[in-house]
Amino acid sequence: MALPNDPMILLSYLNTQLRDSYDSLEEFCRANDADAEAIQKKLSAVGFTYDAAQNRFK
């Protein structure tokens with residue numbers, strides 16, 4: 001499955017996946033063949049950063 005292109009939809013999708021199915025962004029990326037750096041860059045552009053302690057973007 002391709003990740004959502006819209007940053008706000010991507011944010012919602014990722015936080016749901018991280019909450020429900022994955023212990024970290026890295027685990028999500030391995031399982032979904034996604035680029036963590038690209039995800040973080042895209043979400044950073046709209047003001048969100050990954051908080052590893054909480055396992056979510058905020």
Side-chain angles (χ1 to χ4, degrees):
M1 175 186 151
L3 294 176
N5 205 24
D6 180 275
M8 298 310 287
I9 295 172
L10 177 62
L11 171 70
S12 177
Y13 173 75
L14 283 172
N15 278 342
T16 299
Q17 290 295 306
L18 292 170
R19 180 191 68 221
D20 295 347
S21 303
Y22 299 97
D23 292 330
S24 69
L25 178 60
E26 292 74 24
E27 182 182 335
F28 170 85
C29 288
R30 276 193 306 274
N32 292 281
D33 195 30
D35 182 348
E37 187 175 320
I39 289 170
Q40 289 177 307
K41 184 176 180 179
K42 185 172 211 162
L43 291 179
S44 176
V46 292
F48 295 95
T49 58
Y50 179 65
D51 181 336
Q54 294 186 359
N55 191 34
R56 70 184 189 110
F57 284 89
K58 58 182 192 168

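Counting from 1, the numbers follow the sequence of the chain as shown.
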*Asks:* List in chain and number order the residues that pass side chain to side chain contact (heavy atoms under 4.5 Å, CB included) with Ile9, two or more places apart in sequence or in another chain; answer none if no residue qualifies.
*Replies:* Pro4, Asp6

*Asks:* Would you check if Leu14 and Leu43 make a side-chain contact, meaning some heavy-atom pair closer than 4.5 Å?
*Replies:* yes

*Asks:* Nearest 0.5 Å, what's the CG-CD1 distance between Leu10 and Ile39?
*Replies:* 6.0 Å

*Asks:* With sequence neighbours excluded, give me every side chain to side chain donor-acceptor pair (under 3.5 Å) pair touching residues 30-55.
*Replies:* Asn5-Lys42, Tyr22-Asn32, Tyr50-Asn55, Asp51-Lys58, Gln54-Arg56

*Asks:* Any pair with a residue in residues 11-21 that passes salt bridge (charged side-chain N to carboxylate O under 4.0 Å, His left out), sequence neighbours left out, goes on the list, sorted by first then second residue, please.
*Replies:* none

*Asks:* First locate atom CG of Leu18, then atom CZ of Phe28, and finally report the distance between them rounded to the nearest 0.5 Å.
*Replies:* 7.0 Å

*Asks:* Kindly state each residue pair satisfying ring pair (Phe, Tyr, Trp, His ring centres under 6.0 Å) with at least one member in residues 30-49, sequence neighbours excluded.
*Replies:* none

